[in-house]
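No hydrogens, no waters, no symmetry mates; every other heavy atom, side chains included, goes into these values. In what follows, chains carry the letters A, B, and so on, assigned in the order in which the sequence lines appear, proteins first and then strands, with residues in each chain numbered from 1. Bear in mind the structure is a predicted one, so any value in this text is a computation, not a measurement.
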Protein chains: 2
Amino acid sequence: MHKILIVDDEEKIRTLISKYAVFEGYEVCCAEDGMTATELLRSRDFDIVILDIMLPDVDGFTVCRELRKTKKTPVIMLSARGEEYDRLHGFEVGVDDYVVKPFSPKELMMRVAAILKRTSNVSGDAFEYEGLKVDFAGRIVYVDGKKADLTPKEYDLLFYLIKNKGIALTREKLISNVWGYDFFGDDRTLDTHIKLLRKNLGSYSGLIVTLRGVGYRFEAE
Amino acid sequence: MHKILIVDDEEKIRTLISKYAVFEGYEVCCAEDGMTATELLRSRDFDIVILDIMLPDVDGFTVCRELRKTKKTPVIMLSARGEEYDRLHGFEVGVDDYVVKPFSPKELMMRVAAILKRTSNVSGDAFEYEGLKVDFAGRIVYVDGKKADLTPKEYDLLFYLIKNKGIALTREKLISNVWGYDFFGDDRTLDTHIKLLRKNLGSYSGLIVTLRGVGYRFEAE
DNA sequence: TCAACAATCAGGATTTTATGCATGCCTACT
DNA sequence: AGTAGGCATGCATAAAATCCTGATTGTTGA
């Protein structure tokens, strides 16, 4: 179950979003000012934050910037109509999406779902799916609790696949991203590494799906 | 052209919205009470419904709830000022957006456009029509929730059809775009792939309409 | 009804991927 | 230095999956 933090000074808005979010099955937590939000974000882990720009004390951007110093929890900004220019500003701070007030709660929930789908499993510095775990910081792969012995290339390949899970990756894309744009090796090279990687993933080898005539796709979910 | 149903008991309101909607190029239909609206919604397909809460017979929520039993046509609710609490009630019923009276017709039209844009099938990287869903990024096709197993050609063909939905595509056009300008294969080749594709689409095979002497057209709506 | 066109079918041809093995490079250790 | 071992790569072959074709059957519209 995903945890959402809703930050807005208007009680009506908080309640509205909250209701929809609970209805969608999320665990909700609210804050009405920037300081409280920052404190909550520091002490607890949320899966996503819905953040109003205009807050009584510090503004939403500051909260976001502060958050970014330690975590990369996804952020959706709520901006009042006519604050469009903030959009550019926001991306520098690391905002994931924008919704302009007055908004449709349904649309907001759709965006939340979209972002969560994109970031689920890949929570910052680790990926986990059933018995498969990848520690990005340590470059360690666990298969059913046991360390799997991946070679550098195998790890790089797996890493790229996971980072783009659910997306059809062409052979070209894989090769140029894992090997480098200047690599002109044999096409079979990729096959071979996929094979080795699959072998190492044991029962999870099926997560790497072959797309004939296209490439591969990593499927977790 | 999108079809709108306007439901309101006040004739003045209906006319006002209607005028703007026609001006924006929508096809408009009106109802002045809940029963008529429900009947219309059942017998015909609209792209969006603008629904007043206060109606002479059943209220807007009931109409919406009834509608939701069979369709997911987007709904914009019109509520009189001071009925804010209804907002919270609305989510249970599946309302997409709210507009408080008195409203600016321009704003209403903007919201209509926003919702239509968001719900009109091809929303960026996915296509959805009833139980048929195509995830373009992942090259995955879902038929009634289940993954369909398309071959590369089948997928390419479907993709091209969807990207050009509503447009009559000649055989030549299809072949040169899906196979390549230099392909001089048999005409049966296209037939065969259409057949296989239809088979994979199951109950949605009818979306691919045969145009005798011309080619095919993908129809979603 | 007839002619034109589309749908269907099955199997051989073709394309693409998987696999196993050999090679050569690089690093670490002796 | 020399050497062993690990790793990336390339190739040959095996195994699939997918495509295409031509004959045949079914359907449509004038």
Let me know the distance between [atom1] of [X] and [atom2] of [N], rounded to the nearest Å.
| X | N | atom1 | atom2 | value |
| --- | --- | --- | --- | --- |
| A:E154 | D:dG6 | CD | P | 13 Å |
| A:K153 | D:dT9 | NZ | C1' | 11 Å |
| B:L196 | D:dT18 | CG | P | 11 Å |
| B:L158 | D:dT18 | CG | P | 16 Å |
| B:L169 | C:dA6 | CG | C1' | 17 Å |
| B:L197 | C:dA6 | CG | P | 17 Å |
| A:W179 | D:dA8 | CH2 | C1' | 9 Å |
| A:I175 | D:dG10 | CD1 | C1' | 13 Å |

Could you go over nucleotides 12-19 of chain C and give all protein N or O partners under 3.5 Å, atom names and distances?
{"from": "C:dT16", "atom 1": "O3'", "to": "A:G213", "atom 2": "N", "distance (Å)": "3.4"}
{"from": "C:dT16", "atom 1": "O2", "to": "A:R212", "atom 2": "NH1", "distance (Å)": "3.4"}
{"from": "C:dT16", "atom 1": "O2", "to": "A:R212", "atom 2": "NH2", "distance (Å)": "3.2"}
{"from": "C:dT17", "atom 1": "OP1", "to": "A:R171", "atom 2": "NE", "distance (Å)": "3.4"}
{"from": "C:dT17", "atom 1": "OP1", "to": "A:G213", "atom 2": "N", "distance (Å)": "3.1"}
{"from": "C:dT17", "atom 1": "OP2", "to": "A:R171", "atom 2": "NE", "distance (Å)": "3.4"}
{"from": "C:dT17", "atom 1": "O4'", "to": "A:R212", "atom 2": "NH2", "distance (Å)": "3.4"}
{"from": "C:dA18", "atom 1": "OP1", "to": "A:R198", "atom 2": "NH1", "distance (Å)": "2.9"}
{"from": "C:dA18", "atom 1": "OP1", "to": "A:T210", "atom 2": "OG1", "distance (Å)": "2.7"}
{"from": "C:dA18", "atom 1": "OP2", "to": "A:Y216", "atom 2": "OH", "distance (Å)": "2.5"}

Under the 6.0 Å and 45° cation-pi test, does A:K173 pair with A:Y160?
no
Taking 4.0 angstrom as the limit, do A:D191 and A:R171 come out as a salt bridge?
yes
Under 4.0 Å, counting only non-hydrogen atoms across every strand here, what does B:T189 touch: a base, just sugar-phosphate, or nothing?
base
Per the side chain to side chain donor-acceptor pair (under 3.5 Å) rule, what does the pair list look like for residues 36-46 of chain B, sequence neighbours excluded?
B:D33-B:T36, B:E39-B:R42, B:D45-B:K71
Knowing that exactly one of A:T170, A:L157, A:L190 qualifies, which makes a side chain to side chain contact (heavy atoms under 4.5 Å, CB included) with A:I175?
A:L190
Is B:H193 close enough to D:dC20 that one of its side-chain N or O atoms is under 4.0 Å from OP1 or OP2 there?
yes
Are any of the side-chain heavy atoms of A:V112 and A:I4 separated by less than 4.5 Å?
yes
A:F61 vs A:I53 side-chain heavy atoms within contact, under 4.5 Å:
yes
